[in-house]
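Presented below is the structure to which this report refers.
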Amino acid sequence: MMALLSDALQTAIYSRLAGDAPLATLVGAHVYDAVPAGPLPDIYVLIGEEAVKDASDKLAQGALHDVKISVISSVDSFLALKEAAAAITSAMDAPVLTLSRGAVAGLWFRGAQSKRNAAGQRRIDLSFRVRVDG
């Protein structure tokens, strides 16, 4: 079952984003795969929801992973979030992610959505599709 590679994919995404110098300039070390307890920084990245569909064929096992990566901020402007979103997109577009098992066969940016919630928090959700072969 290819969903078993979700952890390897998430680890690779986290490592890529946490180690990306241009993104670190914008958000510091605030790349998370779960919202941390306590006070939150003014701006941070959250690796979030994922949907997985089987994409196996006669030649190989495979899956399509639709992954959401969010930039969230309490700052009163979307500019900082848009800069961070651009850095995330560039980092994800860099050389192919290396997984601890399996392999990334393709990675595509699918879209982005900017939002403001009732508490005044701003957020940009980036969607990526990743084809993983086992």
Side-chain angles (χ1 to χ4, degrees):
M1 180 176 202
M2 292 307 298
L4 297 176
L5 294 176
S6 288
D7 63 329
L9 178 59
Q10 182 166 335
T11 299
I13 291 171
Y14 176 83
S15 295
R16 170 70 55 88
L17 296 180
D20 186 71
L23 182 59
T25 300
L26 301 166
V27 303
H30 304 295
V31 176
Y32 308 117
D33 64 358
V35 177
L40 294 170
D42 287 340
I43 186 169
Y44 62 97
V45 173
L46 182 64
I47 301 167
E49 300 170 10
E50 176 183 13
V52 182
K53 289 192 263 184
D54 183 47
S56 299
D57 57 27
K58 290 180 180 182
L59 300 176
Q61 289 188 341
L64 293 173
H65 296 251
D66 289 322
V67 179
K68 184 190 297 184
I69 301 172
S70 301
V71 185
I72 304 167
S73 177
S74 58
V75 176
D76 194 27
S77 168
F78 274 108
L79 181 59
L81 278 86
K82 289 177 180 179
E83 291 171 340
I88 290 167
T89 303
S90 292
M92 294 293 286
D93 197 35
V96 175
L97 293 168
T98 302
L99 305 182
S100 59
R101 61 187 191 283
V104 172
L107 189 151
W108 303 272
F109 172 74
R110 303 273 293 167
Q113 184 177 15
S114 300
K115 304 176 191 177
R116 179 179 295 127
N117 68 18
Q121 201 176 43
R122 281 136 180 85
R123 167 184 199 122
I124 296 177
D125 294 323
L126 302 162
S127 299
F128 295 89
R129 176 165 283 171
V130 185
R131 163 72 192 225
V132 176
D133 291 335

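The first residue of the sequence shown is numbered 1, and numbering continues consecutively from there. Here the structure is a predicted model, which is why all the values come from computation and not from measurement.
Across every non-hydrogen atom of E50 and S6, the tightest pair is OE2-OG, 3.3 Å. The two residues A85 and V71 make their nearest non-hydrogen contact at N-CG2, 4.1 Å. Across every non-hydrogen atom of R16 and P95, the tightest pair is NH2-O, 2.7 Å. Residues I43 and A80 approach most closely at CD1-O, 3.8 Å, considering heavy atoms. Nearest heavy-atom pair across A84 and V27 is CB-CG1, 4.1 Å. Between L99 and A8, the shortest heavy-atom contact is CD2-O, 3.6 Å.
When hydrophobic clusters are built by joining Ile, Leu, Val, Met, Phe, Trp and Tyr residues whose side-chain heavy atoms come closer than 4.5 Å, directly or via intermediates, I13 is grouped together with V104. In the hydrophobic clustering of ILVMFWY residues, with side-chain heavy atoms under 4.5 Å counting as a link, I72 and V75 come out apart.
Summarising the local packing, CD of E49 is surrounded by 12 or fewer heavy atoms from other residues, nucleotides or ligands at distances under 6.0 Å.
One distance of note links OG of S127 with CH2 of W108; it measures 14.5 Å at 0.5 Å rounding. Rounding to the nearest 0.5 Å gives a distance of 13.0 Å between OG of S73 and NZ of K82. Interatomic distance, L81 CG to K115 NZ, rounded to the nearest 0.5 Å: 12.5 Å. Atom CG of L40 and atom CD of Q121 lie 7.5 Å apart (nearest 0.5 Å). Atoms CG and CD1, on L126 and I47 in that order, are 11.5 Å from each other to the nearest 0.5 Å. Taken to the nearest 0.5 Å, the CZ atom of R123 stands 14.5 Å off from the CZ atom of R116.
When side chains are defined from C-beta on, V45 counts as touching I69, because their heavy atoms get closer than 4.5 Å. The closest side-chain heavy-atom distance from D7 to R101 is below 4.5 Å. Between L46 and K68 there is no side-chain heavy-atom pair separated by less than 4.5 Å.
Counting only distance, with no hydrogens or angles, the side chain of S114 and the backbone of I124 share no donor-acceptor pair below 3.5 Å. The backbone N or O of G62 lies less than 3.5 Å from a partner atom in the side chain of S56, making a donor-acceptor pair. A distance-only check finds no donor-acceptor pair linking the side chain of R129 to the backbone of R110 [under 3.5 Å]. The closest donor-acceptor contact from the side chain of R122 to the backbone of G120 lies under 3.5 Å.
A side chain to side chain contact (heavy atoms under 4.5 Å, CB included) with I88 holds for exactly one of V31, L23, D20, D93; it is L23.
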